[in-house]
Amino acid sequence: MSENSTIEWTDATWNPVRGCTKVSPGCTHCYAETFAERFRGVKGHPFEQGFDLRLVPEKISAPLSWRKPRRIFVNSMSDLFHDQVPDDFIAEVANVMVQANWHTYQILTKRSARMSELLRTRLNFAAEERHIWWGVSVEDRRYGLPRIEDLRSAPAFTRFLSVEPLLEDLGAVNLSKIHWVIVGGESGYGARPMERKWVVSIRKQCRDHGVPFFFKQWGGTRKSLAGRLLDGRTYDEMPATLSLAQNLV
Ligand code: SF4
C-alpha cells in the first residue's frame with residue numbers, strides 16, 4: 001500500500017494484490033477489509049472496489065525503485081496465496097523479490113498449503129533466498145497449528161510465525177525449523193482479549209528453542225493505552241538473517 005508502514009515489525013508495505021476473502025477466525029476483524037471497504041465506490045481511490053480481490057500489475061516492480069534497503073511486508077492488504085491469484089503472477093512477485101535483493105521481504109499467509117506447495121515447485125528459485133522470509137499466521141490451535149506444519153515442510157531459509165491475533169492458549173508449539181515468532185493481540189472495535197499466560201507460554205517456548213521473540217502489542221479497543229510492554233520491557237527480537245542480508249548491500 002505504501003512505502004512506509006506503522007506496523008511495528010516492518011518498514012514498508014508493498015501490495016501487488018489488493019483484497020481478500022476470509023478463511024479462519026483470525027480474519028473476523030480483518031483490518032485490511034475495514035480499511036478497504038471505507039473507500040468502496042470512491043472514484044480513483046486504490047480501494048474503489050473495496051476489498052474485492054484485484055491484481056495490481058502496475059505495482060509489481062515498485063521495490064526495484066526503492067533504493068534504500070527496507071524490510072517490506074508483502075501484501076499487507078491481501079494474501080499472496082489466495083486462490084484467485086494465478087501462479088504466474090505470484091512467480092512474477094517472487095522474481096522482483098529475488099532481483100531487488102537489497103531489501104528484506106516478509107511474506108505472510110493463511111493459505112499455507114498453497115505457499116508450501118509452490119515453494120517446492122514454481123517458487124523454488126526464491127525459497128532459500130536469505131532476504132526473503134516466509135511466514136504463516138497462527139491465531140488458534142485448530143487453524144493455526146496445521147499452518148506451521150505446512151511451513152516447516154517447505155524449503156525456506158527463514159520461516160516465521162505471526163501469532164496474531166492470539167485467540168487462545170496454543171499449548172505446546174513445535175518450533176523446530178522456525179526462525180522468528182511475532183505475538184500480538186487483536187485491536188480495534190470488538191477486539192477479542194488476549195491473556196497474559198498465553199503470551200508468556202510462547203515466550204518461554206521461544207526461549208527454550210532459541211527462537212527470536214517479537215511482542216507486537218496487547219491490543220484491545222485502544223491499543224495505544226495497552227501498549228507493548230511485557231513484564232516491563234519490549235521484545236523486538238528479529239531473525240539473525242536480517243543483519244546478514246543488510247550487510248550484503
Ligand atoms: S487472510 Fe488476511 S487479508 Fe485475507 S481476510 Fe484474512 S486477515 Fe484479511
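Fair warning: this is a prediction, and the values are worked out from it, not measured in the lab. Each ligand, and each atom within it, is numbered from 1 in the order the structure gives.
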Within a distance under 4.0 Å of any heavy atom of [X], pick out the atoms of ligand 1 and give their elements.
X      : value
Cys30  : 3 (S), 5 (S), 7 (S), 8 (Fe)
Cys20  : 1 (S), 3 (S), 4 (Fe), 5 (S)
Lys110 : 1 (S), 2 (Fe), 7 (S)

### Task
Over 60° means perpendicular and under 30° means parallel, so classify the ring planes of Phe47 and His45, tilted if in between.
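Tilted: the ring planes of His45 and Phe47 meet at 30° to 60°.
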### Query
In the protein, what heavy atom is nearest to atom 6 (Fe) of ligand 1, and what distance, to one decimal place, separates them?
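Heavy-atom neighbour on the protein nearest atom 6 (Fe) of ligand 1: Cys27 SG, 2.3 Å.
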### Task
Pick one of side chain, backbone, both or neither for how Arg111 approaches ligand 1, counting any non-hydrogen atom pair under 4.0 Å.
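Under 4.0 Å from ligand 1, Arg111 contributes side-chain atoms alone.
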### Thr21 contact mode with ligand 1 (heavy-atom cut-off under 4.0 Å)
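The backbone, only.
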### Query
Does ligand 1 have an atom under 4.0 Å from some heavy atom of Glu33?
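Distance cut 4.0 Å: Glu33 fails for ligand 1.
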### Message
Other residues, nucleotides and ligands only: do more than 12 of their heavy atoms fall within 6.0 Å of CZ on Arg142?
### Response
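Incorrect, the count does not exceed 12.
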### Query
Given Ser201, which of Gln205, Lys204, Arg203 fulfils the side-chain contact (heavy atoms from CB on, under 4.5 Å) condition?
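Per the side-chain contact (heavy atoms from CB on, under 4.5 Å) rule, the option paired with Ser201 is Gln205, out of Gln205, Lys204, Arg203.
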### Task
Please determine which of Val136, Thr109, Leu161 meets the side-chain contact (heavy atoms from CB on, under 4.5 Å) test together with Arg147.
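It is Val136, the one option of Val136, Thr109, Leu161 that forms the side-chain contact (heavy atoms from CB on, under 4.5 Å) with Arg147.
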### Query
On the ring face of Trp102, is Arg67 found with NZ or CZ under 6.0 Å from the centre and within 45° of the axis?
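Positive - Arg67 is close enough to the ring of Trp102 and near enough to its axis.
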### Task
Evaluate side-chain contact (heavy atoms from CB on, under 4.5 Å) for Lys110 paired with Glu139, printing each intermediate quantity in order.
CA-CA 10 Å; Lys110 287 190 174 73; Glu139 72 268 48; 4.2 Å; yes
